[in-house]
Every structure is written in structure tokens, then in C-alpha cells.
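Input: a single structure, listed below in C-alpha cells.
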Number of protein chains: 2
Amino acid sequence: MEDAEGTVPARLRALPSRLVNQVATAANRLVDRALAGAGARRYHFALLAALEEFGPASQAALGRRTGIDRSDIVATVNELVARGFVERSPDPGDRRRNIVTVTPEGVRHLQELDRLLAGVQDELLASLSADERDRLVALLTRVLASPPG
Amino acid sequence: MEDAEGTVPARLRALPSRLVNQVATAANRLVDRALAGAGARRYHFALLAALEEFGPASQAALGRRTGIDRSDIVATVNELVARGFVERSPDPGDRRRNIVTVTPEGVRHLQELDRLLAGVQDELLASLSADERDRLVALLTRVLASPPG
DNA sequence: GCGCCAACATTGGCTCAACCAACAATCAGG
DNA sequence: CCTGATTGTTGGTTGAGCCAATGTTGGCGC
């Protein structure tokens with residue numbers, strides 16, 4: 001990412017797959033750094049955001065909504081429970097399921113993460129106008145929408 | 001990535017950092033799968049491409065050009081040497097340095113990787129027109145060009 | 001009711017990308 | 001000559017993204 005030596009090979013620069021990867025790496029660095037300030041990681045934000053938007057859900061449902069593997073959901077919920085941001089309780093209607101619920105502290109935490117991440121977006125897209133940002137988001141959304149092999 | 005349960009939280013979908021990350025994940029899956037068919041990984045391609053474009057270089061220079069860490073360059077060059085795609089020889093003018101050179105077999109291998117990756121780009125950007133692909137590349141390039149943090 | 005398959009939570013593993021620290025050897029500048 | 005920077009290398013660490021196995025539970029056909 002340093003990009004000393006001036007240039008990056010033209011073939012690499014032209015490849016959209018690599019380009020997207022470089023931007024994602026930069027974005028992830030910024031995001032991780034911002035979240036680290038609040039003692040959080042990306043999975044924490046993804047889970048809290050999903051819970052806030054859709055309400056309490058089973059761990060499997062959370063996995064489907066966030067694209068996070070079920071086994072990784074377990075660890076993430078553990079960490080969020082340990083910090084009091086989330087509660088895990090058995091579903092009375094289906095004893096296989098745990099119902100995960102956001103606590104008020106979790107909501108507050110999510111709001112802080114929201115604030116931090118909004119700053120990251122501005123930092124990441126600093127060189128684009130508002131119009132260009134919208135177009136970038138639209139293009140990426142369409143790429144994502146098409147069946148990914 | 002499954003996106004069952006229909007929806008992804010709107011907050012997550014709207015965040016460019018997450019969007020770019022999702023697209024990069026999809027791209028990496030496609031790339032890894034394509035390269036695996038040739039027994040290669042992304043670092044292999046990045047190194048070979050840099051060597052072909054700029055000619056023989058020291059390992060540190062390769063790291064700067066590709067954004068790959070020096071320590072990871074070591075392992076990658078080892079692998080490429082083992083497969084006869086690259087040669088590592090001491091720099092007579094600076095005994096700290098190794099000069100890495102592509103072999104003819106390496107060039108052939110790179111051409112195969114080129115072909116494989118071109119197919120991946122088409123697959124990844126199937127939902128975009130040629131014009132839109134250019135605009136996406138242009139936007140991503142500008143995001144990358146601005147000082148990342 | 002019984003049997004079977006699906007879904008769930010959990011554990012424990014794996015690979016890869018992206019780093020970082022330390023080290024010895026070497027080089028370049030003052 | 002001495003100091004500081006550069007280089008290759010070793011040996012880590014972290015998180016993301018997976019996958020398989022296990023035991024429990026639900027739902028369904030019969």
C-alpha cells in the first residue's frame with residue numbers, strides 16, 4: 001500500500017479485481033483502526049446493526065443476514081454478551097434456538113460505531129464528490145447483485 | 001454472501017466500506033478459484049506481473065511495487081523459484097540485495113494467469129456495460145490515489 | 001406413536017492475507 | 001570510522017472466511 005517506487009504495474013492497476021481489493025484493504029484498515037478505538041471489530045458492528053434493524057433474531061438468522069458463518073456468530077455473540085451489548089436467551093418456542101437481543105448499552109455502542117464509521121467513509125472517499133460517491137455505490141451494488149458464481 | 005433471509009441490513013448495504021469489501025470478497029473468491037487451477041495464488045501473479053513490467057528487481061523493490069510485505073515476498077519468491085518461474089541471484093553491485101528475474105517458463109505461466117484472470121473480470125463485472133466498467137475502474141483508481149490515512 | 005431428515009448452536013479446526021519485530025549483513029553519509 | 005538506513009530472513013500475530021463433526025431439537029411422513 002505504500003506505493004513508494006512511484007508506480008504499480010499497469011496490469012495490476014487495470015485489473016478491477018485487484019483494484020477493488022486494494023480499495024477494500026485501505027477501507028478495512030481505516031475501519032479497523034476506527035473500531036479499535038471503541039474496542040470493537042467489524043463483526044461486532046455487523047451484528048449490532050442487523051439486530052437493530054430487524055430486531056431480535058436467532059444466531060442462524062443473524063448469520064444469514066450478515067453473511068457471517070454460524071460458527072463465527074457464536075464467538076461474536078459471546079464477546080458482545082461479555083460486554084453487555086447483547087443478550088442471549090433460549091427461544092421458548094423453539095428450544096434449538098437462541099434469541100439474541102440488543103441491550104440499551106448495545107444501542108448506545110452501535111450509535112458510537114455509526115459515528116466512527118461515518119467518519120471513515122468520508123476519509124475513504126475524500127477524493128470523490130457526493131455525486132461520484134453515489135455512482136460508485138450504485139455500480140458496486142450492481143456488481144454485488146449479480147450472481148457471484 | 002448467501003443473502004438468504006432476503007435482505008441485508010440497509011445500514012450495511014449503504015456503507016461504501018462494507019460494499020467494497022463485499023465486492024472484494026466475491027472477486028477474491030473468483031480469482032483464487034481461477035488461480036488455483038494453475039496452482040498459483042494472488043501473490044504469485046502480483047510478483048510475476050511486476051517483474052515482467054519493470055524487469056529484474058530486488059525483493060524490497062518488489063515489495064514496494066506490489067504492496068506486499070518484505071517477509072511475504074521471501075516466501076513467494078521461494079515458491080516461484082521452486083517451480084522454476086523465477087531466479088534469485090545476488091546483486092554484484094550491492095551485496096545486501098537479491099535480484100529476482102523471470103524465467104521463460106515464468107513468462108509462459110504469467111500469460112496463462114493473464115488469460116485466467118481476464119475471464120474472472122468478465123465474470124465479476126458481468127452486470128456492467130463496458131462503459132460502466134471503465135467508470136468503476138476510474139472511480140476506484142481515484143479513491144486509491146488519494147492518501148489513505 | 002415412530003423414524004427420518006432438517007435446522008440449530010457449538011467446538012475445533014484450517015488457510016490465507018496482512019501485518020510486525022528482531023536480526024545480521026551491508027551500504028552510504030558525515 | 002561511526003552512525004543510520006536498507007536488505008533479506010525468520011518467526012511470530014491477528015482477523016476473515018471457511019468447513020466438518022457433534023448433539024440437540026423440530027417437523028414431517030407414515
Side-chain angles (χ1 to χ4, degrees), chain A residues 1-2 4-5 17-18 20-33 35-36 39-47 57-64 66-79 81 86 88-100 148, chain B residues 1-2 4-5 17-18 20-33 35-36 39-47 57-79 81 86 88-100 148-149:
Chain A
M1 195 61 45
E2 314 316 321
E5 214 93 351
S17 64
R18 168 131 180 139
V20 140
N21 204 24
Q22 298 279 104
V23 174
T25 300
N28 287 336
R29 258 213 324 245
L30 294 174
V31 167
D32 290 348
R33 184 149 43 110
L35 292 182
R41 277 175 297 126
R42 258 173 284 156
Y43 278 4
H44 296 182
F45 174 75
L47 237 67
S58 73
Q59 301 183 182
L62 286 172
R64 268 174 250 127
T66 56
I68 299 176
D69 193 87
R70 288 203 305 281
S71 56
D72 299 319
I73 295 280
V74 175
T76 307
V77 171
N78 284 344
E79 292 163 6
V81 165
V86 133
R88 177 198 266 133
S89 53
D91 184 340
D94 186 340
R95 286 194 306 222
R96 295 172 301 178
R97 293 189 169 122
N98 290 332
I99 296 186
V100 182
Chain B
M1 194 61 47
E2 316 317 320
E5 213 93 353
S17 63
R18 168 133 179 137
V20 143
N21 205 24
Q22 298 279 106
V23 174
T25 299
N28 286 338
R29 258 213 325 246
L30 295 174
V31 167
D32 290 348
R33 182 149 44 108
L35 293 183
R41 273 175 299 128
R42 258 172 287 156
Y43 279 2
H44 296 183
F45 173 75
L47 238 66
S58 74
Q59 301 183 185
L62 286 173
R64 268 173 249 128
R65 286 173 185 165
T66 55
I68 299 176
D69 192 87
R70 289 204 309 281
S71 57
D72 299 319
I73 294 279
V74 176
T76 308
V77 171
N78 285 343
E79 292 164 5
V81 166
V86 133
R88 177 197 267 134
S89 53
D91 184 340
D94 186 339
R95 286 193 308 221
R96 293 172 302 178
R97 293 189 169 121
N98 291 333
I99 296 187
V100 182

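Each chain gets a letter, A, B and so on, in the order the sequences are listed, and its residues count up from 1.
Regarding A:Ile73, its CD1 atom lies at a distance of 17 Å from the P atom of C:dA7, rounded to whole Å. Residue B:Asp91 contributes atom CG, which lies 13 Å from atom P of C:dT26 at whole-angstrom precision. The CG atom of B:Leu30 sits 16 Å away from the C1' atom of D:dC18 (whole-angstrom rounding). Here the P atom of nucleotide D:dG8 and the CD1 atom of B:Ile68 are 14 Å apart, to the nearest Å. In this structure, A:Glu79 places its CD atom 13 Å from P of D:dT14, rounding to the nearest Å. Distance CD (B:Gln22) to C1' (D:dG17): 12 Å, rounded to an integer number of Å. In this entry the distance linking CZ of B:Arg95 with P of C:dA24 reads 18 Å, nearest Å.
The side chain to side chain contact (heavy atoms under 4.5 Å, CB included) search around A:Val74 returns A:Gln59, A:Asn78, A:Arg88, not counting sequence neighbours. Applying the side chain to side chain donor-acceptor pair (under 3.5 Å) criterion to A:Asp32, with sequence neighbours excluded, gives A:Arg42. For B:Ser17, the side chain to side chain donor-acceptor pair (under 3.5 Å) partners at least two apart in sequence or on another chain are A:Gln121. By the side chain to side chain donor-acceptor pair (under 3.5 Å) test, A:Arg96 is found to be paired with A:Asp94, residues two or more places apart in sequence or in another chain being considered. Remark: B:Asp91 engages no residue in a side chain to side chain donor-acceptor pair (under 3.5 Å) (not counting sequence neighbours).
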### Per-nucleotide protein contact string for nucleotides 8-17 of chain C (B base, S sugar-phosphate only, - none; heavy atom under 4.0 Å)
SBBBB----S

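Atom CG in A:Asp72 sits 9.5 Å away from atom OG1 in A:Thr66 (nearest 0.5 Å).
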